[in-house]
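A quick write-up on the structure given underneath.
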Protein chains: 2
Amino acid sequence: MPATIRDVARASGVHISTVSRTFSAPHLVNPETRVRVLACAEELGYRPNRAARALITGRTHNIGLIIADIANPFFPPLIKAAEGQARHRDYHVFVADTNEDPAAEEELVHALAKQVDGVLLCSPRMSNALIEQVSREVPVVVINRQVTGLPCVMMDVGQGARAAIEHLLGLGHRQLALLGGPRGSWTNQQMRRAAGAAARSGGAELTVLGPNPPTETGGSALATQVRDSGVTAVLAYNDLMAIGLIEGLDHLGIRVPQDVSVVGVDDIALSRLTRPKLTTVATPTAAAGRTAVDMLLQHDSELRPRGGGRAAAVGDRRTTAQVMLQTELVIRDSTGPLPGRSRPGSVPDGPGPHRLADPGSPTVTTGGVVAS
Amino acid sequence: MPATIRDVARASGVHISTVSRTFSAPHLVNPETRVRVLACAEELGYRPNRAARALITGRTHNIGLIIADIANPFFPPLIKAAEGQARHRDYHVFVADTNEDPAAEEELVHALAKQVDGVLLCSPRMSNALIEQVSREVPVVVINRQVTGLPCVMMDVGQGARAAIEHLLGLGHRQLALLGGPRGSWTNQQMRRAAGAAARSGGAELTVLGPNPPTETGGSALATQVRDSGVTAVLAYNDLMAIGLIEGLDHLGIRVPQDVSVVGVDDIALSRLTRPKLTTVATPTAAAGRTAVDMLLQHDSELRPRGGGRAAAVGDRRTTAQVMLQTELVIRDSTGPLPGRSRPGSVPDGPGPHRLADPGSPTVTTGGVVAS
DNA sequence: GTGAAAGCGCTAACAA
DNA sequence: TTGTTAGCGCTTTCAC
């Protein structure tokens, strides 16, 4: 049903290549011819077939965005930011959800590979080896993970975890727990390492519970374990788990922050809506989305070589940047002093959240050189 | 860099057509040849180029899912369900976000059109005329809207709104408000009509406020208007707005449900986490996603005719089903009796939510015949 | 069971 | 400025 370039050529009495030029290099065609062709195209409802075009140019003007779980409110802001940035550069974003499943992840990335000019791998759960293999098939930017030799956009959750632990230490807590996230999560490793170190140097004990599904349910399921462990403060892998935990504790009659303090990570919109409002490590998700798109499209024209060639391997790129984005601790109402120390009743709704780091996102860039 | 069919043919010493068959019609090729080809393909990391394949077969095995706002928690369950169902049928789903922008919507659907076998238009904001035009270019299933002549999956928010209003009437409320959603929303119309009728026949007054952005902010911005209007109960376009409104009222010192009752729509996960827990009209979003995929893929083999032909126009399909999915009112803690009537202090956490309709989702199907 | 050849819709040299 | 030609990677007749 859809009109092809040939239909338009026939209708406007020119050769198909002229029609082609009208769309892909308008300045090379006589204005009069152009309007005629355009008119016919309009009338026939002709639209260039992007897939066919891609077959030749090697450029689809699409980018793929692979997400572990669309239902996790952490991701939508990142998706939106990536889409906005891509749109500016005349690209479309196709989002695919892997359901936290490494196998689905691999399959989807392969399915997408040929239909996009590059892929953003967001919080990948697959192995580094697999990621490297994939990157040989299609240009990749990794988000929320460090893979040597590949462009990466990371958020400094290590620093965030440290700040959170220090905040809890400052409130007098010495028995701490960390609710781990999913297996294979880089963020998880970073948090664990940093939180462990911070607790140790503060003379506190840190119990690690996990791995767990990074969801509200994952958090609430841990409530009894948290109670039985005797800790007075908890750092959760993300806000969803923190909120779930608070719910779970509530059912057990344990109050937050009076009995137990809870800190999340991500600062999702929801964390401001729950009671108590959640103390959390804010991650610059929108900035991450934008940055990743920029990095992917940086070498725009080099992504694929001109005629006859093949897609450029990532190794062809001369430099591979790795960017670390700052996080910041946002103190709200889910953390309070160690029980039995000072008791001002409840935490005041106060002068608003304190932000320990600069707002905005001053980023630290580490340039690296890749052997070619 | 990626290996092509020719590389594999060369490596395994057969003609490219044999390689092609090995992948698309394995039974037509000698087992021994097959294993040899497969081995070479494996070694070279060959994967058939889906775009090139699509050019011939007319089938991409992708479906597009166009969403008004990925950040709206209403959509993720629908997306997930659609993806799951698609995966069963060996299809991939590409999600695109339009930011509630009709123009972006149109552009995206066209960008997707040629790269997918069909498009799910979810809560479209564009005009019916445009939708019909789009449906001439690519098979379409519309979700959350009724367009005559096109397959549609709807949720009976009219019935839901009626149930909500009747619930409020039963609690003694007579001054009601409806917080309208975005302009161009079909759901919005349905709710307005049904809520208006229900209020009228109950002898109540219904003030309509809107249109508004269907977000938390959109809801909280209406708090003063709600206060000044003197209503005692509110039905919001969706849960997000309801939650925002509750926050906004809270800032004004107005308590829910003691001073004002609030009902949402959608039953997003969040509505169980806020305090008070939200009374809301549950919509069967997952079922909608599954159903839409089924309807799109129903005529699977007819979607595009075999060799030489063009994509089948929607009109070619013999029947166009329109499905209406049931909704149900879930009563939680954000609704209570008219102030100054009975005062049991606060609403009991009670015996859990009451569900007024059957759970599950018995669906009403309306079959229609389309002129061809 | 396999090869040869045509062609999907389009772009990119090269001529004219 | 326009037409001609070749071909992107693949599938699909049709012979053999």
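Every chain is numbered from 1 and lettered A, B, ... according to where its sequence line falls, protein lines coming before strand lines.
Taking the nucleotide of DNA chain D with the nearest heavy atom to each of A:Arg34 and B:Pro48, the more 5' of the two is matched to A:Arg34. For the pair B:Ile16 and A:Ala51, both in contact range of DNA chain C, the more 5′-proximal nearest nucleotide belongs to B:Ile16. Between B:Ser17 and B:Ala52, the residue whose closest nucleotide on DNA chain D is further toward the 5' end is B:Ala52.
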Intermediate values then yes/no, side-chain contact (heavy atoms from CB on, under 4.5 Å), A:Arg34 and A:Val37: CA-CA 5 Å; A:Arg34 186 168 45 200; A:Val37 170; 5.8 Å; no

Stepwise side-chain contact (heavy atoms from CB on, under 4.5 Å) test for A:Lys114 and A:Glu137: CA-CA 9 Å; A:Lys114 296 296 192 344; A:Glu137 188 181 352; 3.8 Å; yes

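The separation between A:Arg6 atom CZ and C:dC8 atom C1' is 8 Å, rounded to whole Å. Distance, B:Arg10 CZ to D:dG9 C1': 13 Å, rounded to whole Å. The separation between A:Glu137 atom CD and D:dG9 atom P is 14 Å, rounded to whole Å. Going from atom CD of A:Glu32 over to atom C1' of D:dT2 covers 14 Å, rounded to whole Å. Atom-to-atom, CD1 of B:Ile56 to P of D:dG7 comes out at 17 Å; the value is rounded to the nearest Å. Separating the CG atom of B:Asp7 from the C1' atom of D:dG9 is a distance of 11 Å, rounded to the nearest angstrom. Taking atom NE2 of A:His27 as the reference point, atom P of C:dA12 lies 11 Å away to the nearest angstrom. Between A:Lys114 atom NZ and D:dG9 atom P the separation is 10 Å, expressed in whole Å.
The minimum heavy-atom distance between B:Ala81 and B:Ala286, with the atom names listed, is CB-O, 3.2 Å. The heavy-atom pair separating B:Arg125 from B:Ser185 by the smallest distance is NH1-CB, 3.6 Å. Heavy atoms only, all atoms of each residue included: A:Ala288 and A:Leu78 are closest at CB-CD1, 4.3 Å.
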Check the interface with nucleotides 14-16 of chain C: list each N/O to N/O pair with the protein under 3.5 Å, or write none.
none

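Comparing C:dG3, C:dC10, D:dT11 by their closest approach to the side chain of B:His15 singles out C:dG3. Between C:dT11, D:dC10, D:dT11, one nucleotide has an atom nearer to the side chain of B:Thr57 than all others, and that is D:dT11. Distance from the side chain of B:Leu55 is smallest for C:dC8 among the nucleotides C:dA4, D:dT2, C:dC8. Considering only side-chain atoms of A:Ile5, the nucleotide from C:dT2, D:dC10, C:dC10 that sits closest is C:dC10. The side chain of B:Ser20 sits closest to D:dT12 out of C:dG9, D:dT2, D:dT12.
Distance CG/A:Asp7 to OG1/A:Thr4: 4.0 Å, rounded to 0.5 Å.
In this structure, A:Ser24 does not reach the C:dC10 phosphate: none of its side-chain N or O atoms is under 4.0 Å from OP1 or OP2. Of the side-chain N and O atoms in B:Thr18, none sit less than 4.0 angstrom from OP1 or OP2 of C:dG1.
Inspection of the A:Gln85 and A:Asp294 side chains reveals an N or O donor paired with an N or O acceptor under 3.5 Å. When only modelled atom types and interatomic distance are considered, A:Arg59 and A:Tyr91 share a side-chain donor-acceptor pair under 3.5 Å. Side-chain contact check for B:Asn62 and A:Gln115: at least one donor-acceptor pair (N or O, by modelled atom type) lies under 3.5 Å.
Using a 4.0 Å heavy-atom criterion, one finds that B:Val19 contacts no nucleic acid atom at all. Counting non-hydrogen atoms under 4.0 angstrom, B:Phe23 reaches nothing in the nucleic acid. Residue-level contact check: B:Arg47 touches the backbone only, with heavy atoms under 4.0 Å from sugar-phosphate atoms and none from bases.
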Please output the side-chain donor-acceptor pairs of residues 140-154 of chain B that fall under 3.5 Å, not counting sequence neighbours, one pair per line with the distance.
unit_1, atom_1, unit_2, atom_2, d
B:Asn144, ND2, B:Ser123, OG, 3.1
B:Arg145, NE, B:Asn128, OD1, 3.0
B:Arg145, NH1, B:Pro124, O, 2.8
B:Arg145, NH1, B:Met126, O, 3.1
B:Arg145, NH1, B:Gly184, O, 3.4
B:Arg145, NH2, B:Met126, O, 2.5
B:Arg145, NH2, B:Asn128, OD1, 2.8
B:Gln146, NE2, B:Gln322, OE1, 2.7

Under the 3.5 Å Watson-Crick or G-U criterion, the dot-bracket string of DNA chain D, with | for inter-strand pairs: ||||.|||||||||||

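Contact check for A:Leu297 versus A:Ile63: side-chain heavy atoms found under the 4.5 Å cut-off.
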